[in-house]
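Before any comments, here is the structure.
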Amino acid sequence: MADFLNWLQHTWLATSVNDSLTLTALTSATHVVGFALLTGGVIVATLRLTGLAFTEVAASEIAATTRRGTFAGLSISVFTGALLFSTRATMVGTNSTFRIKMALLVAATLFQVLVSRRLVQRGAGPRVLQATGVVGLALWLGVGAAACAFILLE
Amino acid sequence: MSILSACEWLEHTAVAVVVRESLWGFPILVGLHLMGIALSVGTLVWFDLRLLGIGLTRVAVSNVYRRLMPWAFAAFVVMFLTGGLLFSGYATAAYGNAYFRVKMIALVLAGLNALRYHLVTERTIATWDRAELPPPAARLAGGASIVLWTVVILMGRMISYTMF
């Protein structure tokens with residue numbers, strides 16, 4: 001693992017980003033834009049799943065619309081996050097707060113794809129959809145909180 | 001009083017000293033500021049997408065606004081409060097930072113864009129509230145909002161990397 005992280009940190013892409021303050025800052029900024037897009041989509045979907053808004057439209061329709069924004073945001077965040085990680089792989093790779101963030105990211109993504117999406121498509125009952133929305137939002141906010149804690153403790 | 005001397009005064013207030021000198025204050029504020037901007041802009045984007053006729057098109061524009069804005073505004077309050085506190089700690093450095101100035105210009109333009117939408121464009125909403133594709137003025141407001149808030153976020157992160 002240590003060898004892989006060391007190799008990653010010395011790849012051309014990682015050193016190019018690391019050597020340029022502008023590239024690092026732009027990558028970090030795009031990472032936040034991606035996260036904003038992601039959480040916005042999750043919030044809108046959660047409002048519909050919990051029955052707090054947009055009840056005149058089927059939950060599956062709102063979920064399908066917001067899913068595009070959520071996955072666009074997730075793709076941007078993961079790509080830029082991987083770039084940022086590569087520049088300091090040996091240090092960040094062993095950071096426990098970062099590992100918690102990654103665990104929450106995997107959990108939130110799997111919940112979105114394997115649980116939430118299927119339950120909405122199957123037309124689960126309102127209580128189940130409410131719980132799904134709340135758990136999904138909590139997981140994504142947990143990713144954001146872990147990201148902030150990472151900044152805080154770094 | 002010039003803007004620079006106002007920044008110097010602000011930087012010497014008790015609150016600014018706490019922000020600057022406490023071990024946890026600054027990073028906690030940065031974390032809350034980032035969460036605030038992600039949640040507020042992330043939610044606002046969906047209203048902008050509705051204005052553009054791209055998302056939530058089967059919901060009335062006024063309904064999208066009414067349902068989303070309370071959440072966006074709550075996050076905006078967190079963003080502006082924490083942003084103001086962060087600024088107070090490093091006001092003179094921020095004032096001299098080009099990215100900070102661009103961010104402030106983009107913030108003001110975003111505010112003016114929202115004001116124009118509410119004062120002018122929204123006055124005729126009864127005629128296009130349920131239209132899948134709102135009129136050009138509404139689409140322009142939505143598009144400008146997305147661009148300006150993206151600039152605010154981009155410049156915000158540039159400040160973090162160039163000011164300290």
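Just so we're on the same page: letters track the sequence lines, and every chain starts at 1.
- When atom types are taken as modelled, the side chain of A/Arg118 and the backbone of A/Val113 share no donor-acceptor pair closer than 3.5 angstrom.
- Residues of residues 33-51 of chain B lying under 4.5 angstrom from chain A, judged on non-hydrogen atoms, are B/Leu34, B/Met35, B/Ile37, B/Ala38, B/Leu39, B/Gly42, B/Thr43, B/Val45, B/Trp46 by number.
- Contact residues of residues 112-150 of chain B toward chain A are B/Thr150 (heavy-atom distance under 4.5 Å).
- Residues A/Leu83 and A/Met91 fall into different hydrophobic clusters, defined by Ile, Leu, Val, Met, Phe, Trp and Tyr side chains chained together at heavy-atom separations under 4.5 Å.
- Neither the backbone nor the side chain of A/Ala149 comes within less than 4.5 Å of any heavy atom of chain B.
- For a residue to count as touching a neighbouring chain, one of its non-hydrogen atoms must lie under 4.5 Å from one of that chain's; by this rule A/Thr39 touches chain B with the side chain only.
- When each of A/Ala29, A/Gly144, A/Cys148 is scored by its heavy-atom pairs under 4.5 Å with chain B, the top score falls to A/Ala29.
- Here the closest heavy-atom approach between residue A/Ala108 and residue A/Leu139 is recorded as CB-CB, 3.7 Å.
- Of the residues considered (A/Thr24, A/Leu37, A/Thr30), A/Thr24 shows the highest number of contacts with chain B, using heavy-atom pairs under 4.5 Å.
- Judged by distance alone, with hydrogens and angles left aside, the side-chain atoms of A/Thr46 form a donor-acceptor pair with the main-chain N or O of A/Val42 at under 3.5 Å.
- Taking CG of A/Asn6 as the reference point, atom OG1 of A/Thr11 lies at 10.5 Å (rounded to 0.5 Å).
- Residue A/Leu13 holds its CG atom at 11.0 Å from CG of A/Asn18, rounded to the nearest 0.5 Å.
- Counting all heavy atoms, side chain and backbone alike, A/Ser116 lies closest to A/Leu49 at OG-CD1, 4.4 Å.
- When the heavy atoms of residues 55-68 of chain B are compared with those of chain A, the residues falling under 4.5 Å are B/Gly55, B/Leu56, B/Arg58, B/Val59, B/Asn63, B/Val64, B/Arg67, B/Leu68, listed by number.
- Taken from CG in A/Leu26 to CG in A/Leu21, the straight-line distance is 9.5 Å, to the nearest 0.5 Å.
- Contact annotation for residues 80-108 of chain B against chain A (heavy-atom separation below 4.5 Å): no residues qualify.
- Taking every heavy atom of both residues into account, A/Ile76 and A/Gly34 meet most closely at CG2-CA, 3.8 Å.
- The hydrophobic cluster containing A/Val17 also contains A/Trp12, counting ILVMFWY residues as joined when their side-chain heavy atoms lie under 4.5 angstrom apart, directly or transitively.
- Both the backbone and the side chain of A/Leu52 come within less than 4.5 Å of a heavy atom of chain B.
- The backbone N or O of B/Met158 sits less than 3.5 Å from a side-chain atom of B/Thr162, completing a donor-acceptor pair.
- With hydrogens and angles ignored, the 3.5 Å screen pairs no side-chain donor or acceptor of B/Thr13 with any backbone N or O of B/Trp9.
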